[in-house]
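So the structure is just underneath, and the comments pick up after that.
Just so it is clear, the structure is predicted and the values come from calculations on it, not from any experiment. Whatever order the structure lists them in is the order used to number ligands and atoms, beginning at 1.
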Amino acid sequence: MKHLLKLQDLSENEIADLLNLADQLKYEKKYGIPHPMLAGKSLGMIFEKSSTRTRVSFEVGMYDLGGQALFLSANDLQIGRGEPVSDTARVLSRYLDGIMIRTFAQEEVEGLAAHGSIPVINGLTDYCHPCQVLADLMTIRERKGYLDGLKLCFIGDGNNMANSLIVGGIKTGMTVSVACPAGHLPDAKIMRWASGTGRFTCTESVEQAAADADVLYTDVWASMGQEAEAEQRRQVFAGYQINDAVMALAHEGAMVLHCLPAHREEEITAAVFEAHADEIFDQAENRLHAQKAVLVRALKDAPLRGR
Ligand code: CP
Ligand code: NVA
C-alpha cells in the first residue's frame, strides 16, 4: 500500500490484512510486547480542521511504533498563507517519511500524494474518512466474529462517513443500507458502484433501512465546515435519529456505532448512546490500532525520504 487516500483504492485482501495486523498490534500493546516497526521514522500530521481522536491516536501510534509524529496546524504552515500544495508536498518529502492530512477537499489529499514522494494518509476530508472506517470494521469483527453477510445501516447525512462506510462495508461482504433525506445523499459514483453489487440500498425511510440491521451507525447532522447550516440541518434531519424505536426494528443484539463527536438527542438519543457506550468507545480505541496497521503497511518499506 503506497498511500491511504480512500478505501476504493484498497483491495479486499489489503483491507483484511490491515484488520489482521490491527488485531495483532492491539494484542501486543495489551500485553506490553514492543513493536518498534517504524523506529526512526517521522510522520507529519497536517490539520486544517479540529480533531481529538485522529490527532491523539496517530501521535501515540507513531510513538508505539518507535517513530515520532509532528503536529502541523494549517494555521501555522505556509500552506495556510497560500503556498501551493505541490511545493509543500515536495518540501515535506525531503524531511518526513509520511504525511497524515485532515482537510476539506479530497483533491488536496490527492494532490499531496501526486506531488510528494512519501506516503499520504487521509485523516478525513469532506468526501471520506477511511481511517475511521477501518477502525469501525475492526470493532464490528471483534464483537461479531465476522463481517461477511452482516447488515450495516447508516442513518443521517450522506457525508464523508456514509461514503467510506458504504465502500468499507461492501468490500468486506456486508450488506449496506443508508437512510438519509433527499438532497443529502452519499456520493453518486459510490452509490452506483455499491448498487452494482446488489448489496446496497438507499432510502428516505429510517424504518426500511434499519429493519433487521446487525449494526446501526450514525454521525452528526452538521459536519465540520457546516456550522453555519446547523440550525437548518436540525430541521432537515429531524427523525434521522437512532432511538429506542429504531433499535426495536434492528436485530436483537444489534451494535450501535458512532465515529464521535456525538450530539445527543440529535442523531442519537442519550439513552441509546449510553446503552452502547462500550461499543462506541472500543470503536474510538480501535482508531489507534487500525491506524498503526495503516502506518506500518504504508511507511515500513517505503523508499527512503528524498526525491
Ligand atoms: N472520529 C474522528 O475522526 O474524531 P476526531 O474528529 O476527534 O479526530
Ligand atoms: N462527518 C463528521 C465526521 C467527524 C469525525 C465531520 O466531517 O465533521
Classify the side-chain pair Gln208/Glu204 by whether it contains a donor and acceptor separated by less than 3.5 Å.
no
Regarding Asn286 and Thr139, is there a side-chain donor-to-acceptor distance under 3.5 Å anywhere?
yes
Does [X] make a cation-pi contact with [Y] (under 6.0 Å, within 45 degrees of the axis)?
| X | Y | result |
| --- | --- | --- |
| Arg264 | Phe273 | yes |
| Lys6 | Tyr127 | no |
| Arg55 | Phe71 | yes |

Arg233 CZ to His184 NE2 distance, which is reported to the nearest 0.5 Å:
5.5 Å
Parallel under 30°, tilted from 30 to 60°, perpendicular over 60°: which one fits the rings of Tyr27 and Tyr31?
tilted
Would you say Glu83's side chain and Thr88's backbone share a donor-acceptor pair under 3.5 angstrom?
no
Just list the N/O pairs, ligand 2 to protein, that are under 3.5 Å apart, with the distance for each.
{"from": "ligand 2", "atom 1": "1 (N)", "to": "Asn159", "atom 2": "ND2", "distance (Å)": "3.3"}
{"from": "ligand 2", "atom 1": "1 (N)", "to": "Asn160", "atom 2": "OD1", "distance (Å)": "2.9"}
{"from": "ligand 2", "atom 1": "1 (N)", "to": "Asp219", "atom 2": "OD2", "distance (Å)": "2.6"}
{"from": "ligand 2", "atom 1": "1 (N)", "to": "Ser223", "atom 2": "OG", "distance (Å)": "2.7"}
{"from": "ligand 2", "atom 1": "7 (O)", "to": "Asn160", "atom 2": "ND2", "distance (Å)": "2.8"}
{"from": "ligand 2", "atom 1": "7 (O)", "to": "Ser223", "atom 2": "OG", "distance (Å)": "3.4"}
{"from": "ligand 2", "atom 1": "8 (O)", "to": "Met224", "atom 2": "N", "distance (Å)": "2.8"}

N/O pairs closer than 3.5 Å, ligand 1 and protein:
{"from": "ligand 1", "atom 1": "1 (N)", "to": "Gln132", "atom 2": "OE1", "distance (Å)": "2.9"}
{"from": "ligand 1", "atom 1": "1 (N)", "to": "Cys259", "atom 2": "O", "distance (Å)": "2.8"}
{"from": "ligand 1", "atom 1": "1 (N)", "to": "Leu260", "atom 2": "O", "distance (Å)": "3.0"}
{"from": "ligand 1", "atom 1": "1 (N)", "to": "Arg287", "atom 2": "NH1", "distance (Å)": "3.4"}
{"from": "ligand 1", "atom 1": "3 (O)", "to": "Thr54", "atom 2": "OG1", "distance (Å)": "3.1"}
{"from": "ligand 1", "atom 1": "3 (O)", "to": "Arg102", "atom 2": "NH2", "distance (Å)": "2.9"}
{"from": "ligand 1", "atom 1": "3 (O)", "to": "His129", "atom 2": "NE2", "distance (Å)": "2.8"}
{"from": "ligand 1", "atom 1": "3 (O)", "to": "Arg287", "atom 2": "NH1", "distance (Å)": "3.0"}
{"from": "ligand 1", "atom 1": "4 (O)", "to": "Arg53", "atom 2": "NE", "distance (Å)": "2.8"}
{"from": "ligand 1", "atom 1": "6 (O)", "to": "Arg102", "atom 2": "NH1", "distance (Å)": "2.8"}
{"from": "ligand 1", "atom 1": "7 (O)", "to": "Thr52", "atom 2": "N", "distance (Å)": "2.6"}
{"from": "ligand 1", "atom 1": "7 (O)", "to": "Arg53", "atom 2": "N", "distance (Å)": "2.8"}
{"from": "ligand 1", "atom 1": "7 (O)", "to": "Arg53", "atom 2": "NE", "distance (Å)": "3.1"}
{"from": "ligand 1", "atom 1": "7 (O)", "to": "Arg53", "atom 2": "NH2", "distance (Å)": "3.0"}
{"from": "ligand 1", "atom 1": "8 (O)", "to": "Ser51", "atom 2": "OG", "distance (Å)": "2.6"}
{"from": "ligand 1", "atom 1": "8 (O)", "to": "Arg53", "atom 2": "N", "distance (Å)": "3.4"}
{"from": "ligand 1", "atom 1": "8 (O)", "to": "Thr54", "atom 2": "N", "distance (Å)": "2.8"}
{"from": "ligand 1", "atom 1": "8 (O)", "to": "Thr54", "atom 2": "OG1", "distance (Å)": "2.7"}
{"from": "ligand 1", "atom 1": "8 (O)", "to": "Arg102", "atom 2": "NH1", "distance (Å)": "3.4"}
{"from": "ligand 1", "atom 1": "8 (O)", "to": "Arg102", "atom 2": "NH2", "distance (Å)": "3.2"}

Please determine whether side-chain hydrogen bond (donor to acceptor under 3.5 Å, both in side chains) holds for the pair His263 and Glu267, giving the CA-CA distance in whole Å, both sets of side-chain angles, and the decisive distance to 0.1 Å.
CA-CA 6 Å; His263 289 181; Glu267 74 275 5; 4.8 Å; no
